[in-house]
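Here is the structure we will look at, set down as structure tokens.
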Amino acid sequence: MPINMDDGSLKIFEGYRVHHSTLRGPAIGGVRYAADLTLDDIKALAFLMTFKTALLGIPLGGSKGGIKVDVKKLSKKELEKLTRRYTAEIINLIGPDIDILGPGLNTDEQTIAWMMDVYSMQKGRSVPSVGVGKPIEFGGTVGRKEASGTGMFYILQALCDKLNFDKTSLDIVIQGFGNVGMVIAETLYKNKCKIIALSDTKGGIYSPEGLDIEKLISWKLAGNFIKDYKDNSTKAITNQELLELKCNFLIPAAIENQITSKNADKIDCQIILEGADGPVTSQADAILNDKGILVVPDILANGGALCVSYFEYIQDVHSYFWKIDRVNREMKNILLEAFERVWELSKERNVSLRNAAYMIAIDRVAKTHELRGLFP
Ligand code: NAD
């Protein structure tokens, strides 16, 4: 994608859009902007979306897209041009009946607003349902921004009920303090849970007595790094140290490949709740399993955002908007039903929660294949 930069130079950017499956309905998937993005990342993330939609029983397929770009190096004008050009390049691959766009790493509701505008201008009419995670002002839904964190909280509560844990007496560690990390941290804090460590790209802080999340949100939103926050009980730690802290729940909510074969044997928690997509590699997964650490897989744990994205799409198509109570109630129903099935199958077949989740999801995709048969 050639872009005229603010200084008059011309730069070429590379971007991708991958459809993994449209078997069960139009695909849905986020768009991420990252300097080290590869086509393989996007393929893997599109694959995850297919099985996330299938596991949650949402009649959509899986896709993902992105641009290889360091957003910090672009002005807002350049970012807008790049986003618009990217949308124009993939215009024949997207649409409410083909593939629905959503925000992801380093993209937000403004990105989706520009994309929806390009698509609508080409079609000659407003088509809000081409993207989800839009501003509330035109076709966005209440509860979307908070959905991942809110959904993770429902799953954490359900897990505590299964294991007879009192959630207020747990030590919780969270990696990442963006959209997902901040909402789950805030929700846990408001529910009197204790978060003992938290981090962002530059590192984190640790306090055995528990962190004041409200103060940390203000600190972060003011543009500061978590590691620079100080009060009487906090100590700065690296992201690696944070992952290895002894705790009940570890919530990786930053990026993929954080727990690998290199550090899996040092992980000292009881349960990992995957907020990010793919934070645990498959080699690490096997090590964690041997250590008896329970891993709630991403396709279940962070599925709240997908549920509410789907609700946004439905609301756009019907031009009828729901109240927050309905959004959260319907999300909770979908997530808890999926959690229950995964939990039961994992017990019944003596497999990990991840394997159980994939068994259910793959079975649904395979059954659709069987029932649809082969064309012609
Ligand atoms: P975000 O950009 O808002 O936040 C990411 C956070 O992680 C930031 O605080 C950043 O500083 C931190 N971070 C980045 N690299 C890090 C590193 N190497 N070590 C420690 N911290 C690091 O992104 P987000 O929307 O919160 O998404 C986070 C993850 O959750 C991604 O894997 C994304 O695919 C997944 N996810 C997001 C949503 C959503 O609705 N936003 C839904 C489902 C899954």
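As the structure lists them, so they are numbered: ligands from 1, and atoms in each ligand from 1.
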- Item | Candidates His19, His20, Arg17 - the one meeting side-chain hydrogen bond (donor to acceptor under 3.5 Å, both in side chains) with Ser63 | Arg17

- Query: Other than Leu245, what residues sit in its cluster of Ile, Leu, Val, Met, Phe, Trp and Tyr side chains whose heavy atoms are under 4.5 Å apart, directly or through others?
  - Reply: Val173, Ile196, Tyr206, Ile237, Leu242, Leu243, Leu250, Ile259, Ile267, Ile272, Val280, Leu288, Ile293, Val295

- Do Thr107 and Arg32 have a side chain donor and acceptor closer than 3.5 Å? no

- Item | Ion pair check, Lys77 and Asp6, cut-off under 4.0 Å | no

- Tell me, which residues have any heavy atom less than 4.0 Å from some atom of ligand 1? Arg32, Leu105, Arg144, Ser148, Gln175, Gly176, Phe177, Gly178, Asn179, Val180, Asp200, Thr201, Asn239, Ala253, Ala254, Ile255, Gly275, Ala276, Asp277, Asn302, Ala305

- Query: Between Asp228 and Lys202, does at least one N-O distance fall below 4.0 Å, as a salt bridge requires?
  - Reply: no

- Query: Given side chains that start at C-beta, do those of Lys215 and Asp231 come closer than 4.5 Å, heavy atoms only?
  - Reply: no

